[in-house]
Each structure stands twice: as structure tokens, then as C-alpha cells.
Amino acid sequence: PLRLVESGGGSVLAGGSLRLSCTASGYTWFSIYSMGWFRRAPGGEREGVAAISTEGDALYADSVKGRFIISREDASNRLFLQMNDLKPEDTATYYCARQENSRTPATLDDKFYQWWGQGTQVTASS
């Protein structure tokens with residue numbers, strides 16, 4: 001089965017940067033699926049942060065536009081999220097996910113995602 005493992009989380013001061021990675025293993029066919037990053041703050045709902053299509057087209061939540069950059073490296077089955085100018089409101093557990101159907105446009109709607117990682121904690125303090 002497919003397995004997604006996130007890494008790169010941590011604690012930073014507001015204004016700092018982190019780079020999250022997600023490595024896919026198992027039955028991946030990584031290159032033909034759109035991928036996404038989601039987050040859940042304590043007591044909050046899961047929200048879409050960024051998504052990327054197989055062609056590299058990116059979508060971002062308004063709250064992170066201009067600060068976060070999603071990218072993918074199909075040769076190594078990895079997904080990345082570069083997070084700059086982190087704010088306390090970015091504090092959450094971050095998850096990577098793979099969409100259920102191949103060769104479909106990227107979306108921030110989590111109902112289109114089937115496979116999820118275990119999450120990595122990001123904390124930005126003021």
C-alpha cells in the first residue's frame with residue numbers, strides 16, 4: 001500500500017522559515033497524481049494549504065499566498081512545502097496527501113484526497 005511520511009516540522013520564531021518534505025513509498029505511481037498539503041490547528045478544522053498538479057500547477061490558500069511554495073520531485077517521489085515568514089496562526093499539524101484519482105486537477109478540497117500521512121508539527125511563536 002501507499003505510505004506518505006512527512007518531515008521537517010519544528011518550532012521557529014515568527015518570521016522564520018521551515019521546509020516540509022513528504023516521501024511516498026509503496027505502490028506510488030507518484031507522478032500521475034496531484035498532491036496537497038493540509039493543516040489542522042488545535043481545536044480547528046482541517047484546511048487545505050497548497051496543492052500541486054502533475055504538471056506543476058499550484059494552488060494556495062489565501063492565508064499563505066506569497067509566503068508558502070509547494071513543489072514536487074517526481075524522480076524521488078517527494079513533495080515539499082517551503083514556508084517563509086511564518087506567523088503564529090500557521091501553528092498546526094501539517095499533513096501531505098494524495099488525490100484519489102490520477103491525472104485530475106489539483107484541489108484544496110480534502111474530500112478528493114484518499115491517502116494521508118501521519119503529520120508533522122509546525123509551531124511559530126511570537
Which atoms form the tightest heavy-atom contact between [X] and [Y], and what is the distance?
| X | Y | answer |
| --- | --- | --- |
| Ala50 | Leu81 | CB-CD1, 4.1 Å |
| Ser31 | Asp74 | CB-OD2, 3.6 Å |
| Ser34 | Ser53 | OG-CA, 3.3 Å |
| Arg67 | Asp85 | NH1-O, 2.9 Å |
| Ala24 | Leu2 | CB-CD1, 4.1 Å |
| Leu108 | Ala51 | CD2-N, 3.7 Å |

side-chain hydrogen bond (donor to acceptor under 3.5 Å, both in side chains) partners of Asp109, counting only residues at least two apart
Lys111
Under the side-chain hydrogen bond (donor to acceptor under 3.5 Å, both in side chains) test, residues paired with Arg40 that sit two or more places apart:
none
Atom pair [atom1] ([X]) and [atom2] ([Y]), whose distance is rounded to the nearest 0.5 Å:
| X | Y | atom1 | atom2 | result |
| --- | --- | --- | --- | --- |
| Asn77 | Ser25 | CG | OG | 8.5 Å |
| Tyr33 | Gln114 | OH | CD | 8.0 Å |
| Ile70 | Ile52 | CD1 | CD1 | 5.5 Å |

Does anything in [range] form a disulfide bond (SG atoms under 2.5 Å apart)? List the pairs, not counting sequence neighbours.
| range | result |
| --- | --- |
| residues 45-110 | Cys22-Cys96 |
| residues 34-65 | none |
| residues 29-66 | none |

Transitive ILVMFWY side-chain link [X] to [Y], under 4.5 Å:
| X | Y | answer |
| --- | --- | --- |
| Tyr60 | Phe38 | no |
| Trp37 | Leu18 | yes |
| Val49 | Leu20 | yes |
| Met83 | Ile69 | yes |

Apply the side chain to side chain contact (heavy atoms under 4.5 Å, CB included) test between Met35 and each candidate in Gln99, Arg78, Arg98; give the one that qualifies.
Arg98
Check whether any side-chain heavy atom of [X] sits under 4.5 Å from a side-chain heavy atom of [Y], and report yes or no.
| X | Y | answer |
| --- | --- | --- |
| Arg3 | Val5 | yes |
| Phe112 | Thr104 | no |
| Arg19 | Phe80 | yes |
| Leu4 | Thr23 | no |

Is any NZ, NE, NH1 or NH2 atom of the basic residue among Arg46 and Asp110 found under 4.0 Å from an Asp or Glu carboxylate oxygen of the other?
yes
Salt bridge between Lys87 and Asp90, side-chain N to carboxylate O under 4.0 Å?
no
So, the side chain of Tyr113 versus the backbone of Thr107: is there a donor-acceptor pair under 3.5 Å, distance only?
yes
Within the distance-only criterion (no hydrogens, no angle test), does the side chain of Arg72 pair as donor or acceptor with the backbone N or O of Phe30 below 3.5 angstrom?
yes
Glu89, CD: over 12 other non-hydrogen atoms inside 6.0 angstrom
yes
Expected list for residues 115-126: side-chain donor-acceptor pairs under 3.5 angstrom, two or more places apart:
residue	atom	partner	partner atom	Å
Gln118	NE2	Glu6	OE1	3.4
Thr120	OG1	Gly9	N	3.2
Gln121	OE1	Thr93	OG1	3.0
Gln121	NE2	Ala92	O	3.4
Gln121	NE2	Thr123	OG1	3.4

Test side chain to side chain contact (heavy atoms under 4.5 Å, CB included) applied to Gln82 and Ser17, step by step:
CA-CA 8 Å; Gln82 177 66 42; Ser17 298; 4.0 Å; yes
